[in-house]
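Please read all numbers here as calculations on a predicted model, not as lab measurements. Naming: A, B, ... by sequence-line order, numbering from 1 per chain.
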Amino acid sequence: MQVDVKVNGAPESHDVEPRTLLVHYLRDHCGLTGTNVGCDSSSCGACTVHLDGEAVKSCTIFAVQVDGRSVTTIEGMAAADGTMHPMQEAFHTNHGLQCGYCTPGMVMAATSLLEEIPDATEAQVREGLEGNLCRCTGYHNIVKSVLACAKGSEK
Amino acid sequence: MTIVGTKVLRKEDPRFLTEGATYTADLADPRLEGALHVTYVRSTVASGRIESIAVDGALAMPGVVAVITAADLPEGLQLLAGAVPLFPPDILNRPVLAGGRVRFVGEPVAAVVTEQAYQGEDAAEAVYVDIEPLPAVVDLEAAARDEVIIHEDVGTNMALDFSTLGMATGFSDDSFFEGCEVVISQRVVHQRMSSAPLEVRSAATVWDGDRVVMWMSTQAAHSARDSIAAAYGLDVESVHLIAPDVGGGFGSKINMYPEEILLPHLAEITGRPIRWFETRTENMLAMGYGRAQVHYATIGGDRSGNVTHYRVDVLADSGAYARIGGFLSMFTLPMVSGTYDIPHIETRARSFVTNTVPSEAFRGAGRPEATLSIERCMDLFAAEVGLDPVEVRRRNLIQPDTFPVTTAVGTVYDSGDYEASLDMALQAAGIDELRAERRCRREAGDPVAMGIGVSVYVEVTAGPAPGGNEFAKVEVTDEGRARVYSGSFSHGQSHATTFAMIAAEQLGMSIDDIEVIQGDTDLVAQGTGTFGSRSTQLGGSAVFEAAGSVVGKAREVAADLLEAAADDVVLDTDSGLFHVVGSPAVSKGWSDVAAAAEAGSLVADHDFNADCSYPFGTHVAVVDVDTETGGVTLRRMITCDDAGTIINPIIVEGQRHGGIAQGVAQALLEEVAYDEDGNPVTSNFADYAVISMAELPSFELVSMQTPTPNNPLGAKGVGESGAIGCTPAVQSAVIDALSPLGVTHIDVPMTPQKIWTAIAEANE
Ligand code: FES
Ligand code: FES
């Protein structure tokens with residue numbers, strides 16, 4: 001089946017099997033391997049991308065379901081001149097990543113969370129990102145990174 | 001200006017954050033063009049005999065190129081060599097593909113090779129494996145009774161008795177505890193846990209003429225290279241092993257698995273490159289787990305709180321075959337007495353096979369078990385003699401002026417001040433206010449019970465004893481920049497930053513001018529890898545020494561340029577300039593020296609060897625336990641961890657955070673479980689409760705640095721401290737909360753159900 005998706009602002013069009021998951025469409029057909037797969041039970045959030053601006057786990061939807069829609073992945077977060085998105089910058093400044101495997105999904109989920117709750121508290125961040133697992137950081141610096149981007153935090 | 005000891009943001013980050021790292025599954029190497037995909041067919045029964053395997057149906061399916069079973073394997077590939085050659089051969093060598101007996105659910109039985117990954121999933125289901133079930137034994141203590149034998153030819157489930165190796169003292173008779181006023185025994189469970197790296201196992205391979213090129217998600221590229229070479233009868237130069245970015249390991253990716261060793265064979269018979277990327281379910285079914293020990297511990301002493309005797313009997317679950325997990329008592333035994341001066345100690349340790357996944361290492365690997373048991377016993381002892389558990393610890397701690405100390409089990413601790421770490425952690429916790437709050441709430445009969453837990457730990461890093469080694473090479477390029485080649489390998493530990501800092505300090509260069517190369521056996525001549533909290537103290541020290549030698553060579557070149565004697569020339573590491581002592585006005589930089597030096601001469605390597613080091617610290621946990629539901633809220637986690645000299649505080653703190661979370665997970669949540677027939681009941685992330693951020697507070701870290709004399713950096717290992725100190729503190733806190741109800745012990749993981757049951761039983 002032909003699936004047309006706008007990915008990081010650019011049109012993509014690929015002929016895929018109907019059972020192709022969005023994450024595999026992005027990785028195998030668009031060549032965007034920043035989005036990772038960490039589980040097979042939609043539990044880990046490593047595959048989180050933005051679909052029409054909202055965080056979704058791209059392993060839980062078929063590519064055909066997003067035909068005609070717009071997807072942003074980690075590769076689309078920095079500005080055209082390479083300047084990192086404030087959330088990416090905050091992860092760097094606060095050492096919010098170690099092995100990096102959870103990071104793309106975590107950054108996508110976190111930016112989406114702050115869209116929804118711009119002045120999120122620590123409790124809201126921990127609650128809101130519960131579905132994104134990280135095995136390396138103990139989450140301490142991830143939470144710190146997200147809070148650094150929340151409205152009202154001292155910059 | 002010195003860079004070591006300062007907060008330096010990671011060099012790795014920009015790429016990881018903007019496009020994502022390049023893990024094995026992400027590789028776009030042209031040599032992997034047109035790669036086939038491998039899917040494994042696995043045993044669905046825990047114990048049985050394979051009657052037949054029907055592959056015809058699968059072979060006829062779309063995209064299927066080959067289906068391989070044990071019968072198709074060449075001689076050298078039938079068995080996966082064991083990592084520790086001390087076990088009975090039949091237990092040691094596990095089949096690469098099971099052909100006769102299957103011994104755990106998830107054991108690979110056949111490999112299906114397909115054009116596309118999705119086709120493999122379909123075809124694997126069409127391979128029909130007929131297995132005649134046999135009795136299984138999944139419980140460690142049941143296995144020890146030898147009622148069901150797993151390896152018939154061995155005749156017993158005991159894989160190893162450490163007493164026969166001289167690694168345990170063995171037990172005398174009951175007179176051992178004679179003279180003790182107080183003697184208390186406790187069975188302590190250390191449950192089976194998954195390392196659960198977020199990246200599962202993955203590899204890709206292709207033959208380049210007579211050479212194997214293999215990419216693999218591993219912690220130890222060189223030993224993976226050696227394993228491939230041995231299995232295929234090649235010399236090590238004929239294998240090029242590349243570890244790309246790796247998404248975590250935590251001990252589970254140190255040694256080779258059957259699923260990996262088979263891949264070059266599949267590439268050979270198909271004449272195509274091969275890729276393998278397992279699913280999480282497969283990972284939970286077949287990647288080695290950690291912990292999985294049961295201890296019988298007995299502690300003895302006098303009524304004034306002096307501990308004089310300790311005896312511990314270690315039973316370790318090696319899983320169906322003896323891998324490294326069956327041998328990790330080697331780390332438990334030397335550490336059984338923890339931070340305490342206990343004059344009389346007896347130990348025993350035995351490993352047994354069970355019908356479960358062969359065990360591997362998991363963060364801490366044998367030391368968390370030693371710590372949890374002695375800390376649990378200290379609490380029980382304190383309760384029995386009616387003293388505060390902190391007071392009893394204080395009374396028995398090894399004193400700072402006695403280092404180096406040889407413990408009663410013969411372990412030599414290098415340096416430490418355990419009581420100072422205890423004081424600092426208690427002060428940071430505000431122990432007096434905490435105790436006051438606990439008192440108030442107890443008096444008020446708060447149904448949410450508050451508990452405080454304290455553990456003082458010491459662990460061994462760069463082990464096993466006597467120590468370890470690591471390789472580094474440092475070279476200065478023609479442009480006057482530097483390249484560091486390390487045999488150590490970061491899969492999250494940030495070597496590109498830490499090792500650049502160590503080299504920068506020696507060379508007087510900016511870390512931006514230093515590139516760290518790792519995880520490629522063609523580029524790095526030798527290496528051991530990253531595990532056991534060894535990287536900075538061994539790999540970092542190797543970089544330090546090699547960089548120092550390069551500076552020595554460069555001084556000679558600079559001396560020629562400055563028309564002086566080499567002995568009179570110094571490198572000002574602040575400016576990166578060479579000059580004659582006392583005359584800094586005339587100087588030469590690295591680019592001058594590199595241009596003048598004979599091409600390729602500014603290079604040195606170093607194989608650094610050192611004894612083990614012994615990091616230590618104190619962890620304090622504060623919990624609220626809902627006595628009506630059994631639910632635990634971890635309110636605070638305060639840790640004082642001393643791992644010697646710190647190179648980069650943010651990276652060290654990050655390592656501590658990660659360890660703490662896994663330690664809490666062991667205390668409260670995570671457990672790999674099987675039903676009594678050996679069916680896994682935690683075979684994906686929906687069933688295995690990987691700890692999330694909602695279950696954790698932010699951590700409160702206290703810094704302390706007691707340098708080790710063992711290496712030029714003064715650094716000890718820090719990667720595992722969190723997972724070692726934290727579990728006993730949380731366990732202690734939960735039991736402390738429930739002690740007024742009469743609860744004296746709950747095994748980890750302390751799930752709401754276990755807590756609720758313990759309360760109900762105490763009420764009876
Ligand atoms: S891969 Fe999508 S949630 Fe785990
Ligand atoms: S940084 Fe490794 S899983 Fe999060």
Which heavy atom of [X] sits nearest a heavy atom of [Y], and at what distance?
| X | Y | result |
| --- | --- | --- |
| B:Met693 | A:Val125 | SD-O, 3.9 Å |
| B:Ser692 | A:Glu130 | OG-CG, 3.4 Å |
| B:Glu19 | A:Glu75 | O-OE2, 3.7 Å |
| A:Cys39 | B:Phe685 | CB-CD1, 3.9 Å |
| B:Ile691 | A:Tyr139 | O-OH, 2.7 Å |
| A:Arg135 | B:Ser194 | NH2-O, 2.9 Å |

Non-hydrogen atoms of chain A under 4.5 Å away: do they reach the side chain of [X], the backbone, both or neither?
| X | value |
| --- | --- |
| B:Val246 | backbone |
| B:Ala28 | neither |
| B:Ile650 | both |
| B:Asp245 | neither |
| B:Gln493 | neither |
| B:Tyr23 | side chain |

Legend entry - Over 12 non-hydrogen atoms of neighbours within 6.0 angstrom of CD in B:Glu125: no
Inset, instruction - Return yes when atom CD of A:Gln2 has more than 12 non-hydrogen atoms of other residues, nucleotides or ligands closer than 6.0 Å, and no otherwise. - result: yes
Heavy-atom pair count under 4.5 Å with chain A, highest-scoring of [options]:
| options | result |
| --- | --- |
| B:Phe250, B:Tyr118, B:Phe16 | B:Tyr118 |
| B:Gly722, B:Gly659, B:Ala686, B:Ala661 | B:Ala686 |
| B:Thr22, B:Val200, B:Ile651 | B:Ile651 |
| B:Gly247, B:Ser490, B:Gly249, B:Ser494 | B:Gly247 |
| B:Ala117, B:Ser195, B:Pro197 | B:Ser195 |
| B:Ala21, B:Gly20, B:Gly654, B:Gly248 | B:Gly654 |

Going from [atom1] on [X] to [atom2] on [Y], what distance comes out if it is rounded to the nearest 0.5 angstrom?
| X | Y | atom1 | atom2 | result |
| --- | --- | --- | --- | --- |
| A:Cys44 | B:Arg280 | SG | CZ | 7.0 Å |
| B:Thr18 | A:Met77 | OG1 | CE | 11.5 Å |
| B:Leu701 | A:His140 | CG | NE2 | 6.0 Å |
| A:Ser43 | B:Asp687 | OG | CG | 8.5 Å |
| A:His95 | B:Thr497 | NE2 | OG1 | 8.5 Å |
| B:Asn684 | A:Asp40 | CG | CG | 6.0 Å |

Measure [X] against the heavy atoms of chain B and call it side chain, backbone, both or neither at under 4.5 Å.
| X | answer |
| --- | --- |
| A:Glu89 | neither |
| A:His24 | side chain |
| A:Ile142 | side chain |
| A:Asn36 | side chain |
| A:Ser42 | neither |
| A:Thr137 | backbone |

Inset, instruction - For residues A:Leu97 and B:Glu12, determine if any side-chain heavy atom of one lies less than 4.5 Å from a side-chain heavy atom of the other. - result: no
Legend entry - Side-chain touch A:Arg27/B:Asp26, heavy atoms, less than 4.5 angstrom: yes
Inset, instruction - Test B:Ser698 against A:Glu122 for side-chain contact (heavy atoms from CB on, under 4.5 Å), laying out the working first. - result: CA-CA 9 Å; B:Ser698 285; A:Glu122 173 167 352; 2.9 Å; yes
Inset, instruction - Start with the C-alpha gap between B:Glu653 and A:Lys144, add the side-chain angles, then the distance that decides, and say whether salt bridge (charged side-chain N to carboxylate O under 4.0 Å, His left out) holds. - result: CA-CA 13 Å; B:Glu653 285 167 15; A:Lys144 207 168 151 192; 5.7 Å; no
